[in-house]
Colleague: 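Below: one structure in structure tokens.
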Amino acid sequence: MANETILIVEDEGDILELLRYNLNREGFKVLEATSGEAALDIIRKDAPDLVLLDLMLPKIGGLEVCRRVRGDSDHKSVPIIMLTARGEEADIVAGLELGADDYMTKPFSPRVLLARIRAVLRRHETAIPGDDEVLHIHDLVIHPGRHEVLVAGDPVVLTRTEFQVLHYLARRPGWVFTRYQIVDAVHGDDYAVTERSVDVQVVGLRKKLGDAGKYIETVRGVGYRFSS
Ligand code: CA
């Protein structure tokens, strides 16, 4: 049974109740806040293990809560899953760039949300591999030190930028990254990498990886993820 503490930040009573019911049933300890101010207080006082954060809150909205938590040196690493309404893609992108770990669009299935919560908690427990660590994922071997990629044992020749994009995504399988985050992490060979050129890099990467190209998934309106 889970015994992690989850803070629900939600001002809509029926959704709060649905979340509380499902989380309690799974054995999670539940804390609740119906405003951004209350959420920040609880995060500082009770240090929950994960925060479910509605974006549309009165006064201090969810994005601002996310920004303040990520800027608070004591609590910046608490996992955050955003709860958003349909049509809030710009907010989802902004939230991911502020460091939210994942998002769910309302209306959502409690079972899917619980799976996401477990996945985020699990990812949080396992440290991110170091820059130089060799990654073995699916049938790929990514060797940062040698700048070498093997697909089912066969070497694939990538440009430096393609390699960096692949390595960046594959280090955190299942995480969604925006184009902006990828641009930020990757340094172009002799030209500036733009958000649009990330798409070009991904097209090239998929082609070179062949069958394994399918592991680089497009998340519509948001960015890319390496399948977990
Ligand atoms: Ca709301």
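Computed from heavy atoms alone, side chains included, the values below leave out hydrogens, waters and symmetry copies. Order of appearance sets the numbers: ligands from 1, and atoms from 1 within every ligand. As the structure is a prediction and not an experimental result, all values here were calculated from the model.
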Colleague: Any idea which N/O/S atom from Glu12 gets closest to the Ca ion (ligand 1)?
Modeller: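 Glu12's closest N, O or S atom to the Ca ion (ligand 1) is named OE2.
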Colleague: Closest N/O/S atom of Asp54 to the Ca ion (ligand 1), by atom name?
Modeller: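 Going by distance to the Ca ion (ligand 1), the closest N, O or S atom in Asp54 is OD2.
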Colleague: Just so I know, are the side chains of Glu32 and Leu16 near enough to count as touching, which here means a heavy-atom distance under 4.5 Å?
Modeller: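 They are in side-chain contact.
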Colleague: Check Asp11 and report its N/O/S atom nearest to the Ca ion (ligand 1), by atom name.
Modeller: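 The closest N, O or S atom of Asp11 to the Ca ion (ligand 1) is OD1.
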Colleague: Does anything in residues 219-228 pair up under side chain to side chain donor-acceptor pair (under 3.5 Å), and if so which pairs, sequence neighbours excluded?
Modeller: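 Qualifying pairs, neighbours excluded: His138-Ser227, Asp199-Tyr224, Glu217-Arg225.
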Colleague: Does Val134 have any side chain to side chain contact (heavy atoms under 4.5 Å, CB included) partners at least two apart in sequence or in another chain, and if so, which?
Modeller: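 Scan of Val134 (side chain to side chain contact (heavy atoms under 4.5 Å, CB included), adjacent residues dropped) gives His136, Val141, His143.
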Colleague: Take Lys106 and Asp54, measure what side chain to side chain contact (heavy atoms under 4.5 Å, CB included) needs, and give me the verdict at the end.
Modeller: CA-CA 10 Å; Lys106 297 177 192 174; Asp54 181 35; 3.0 Å; yes
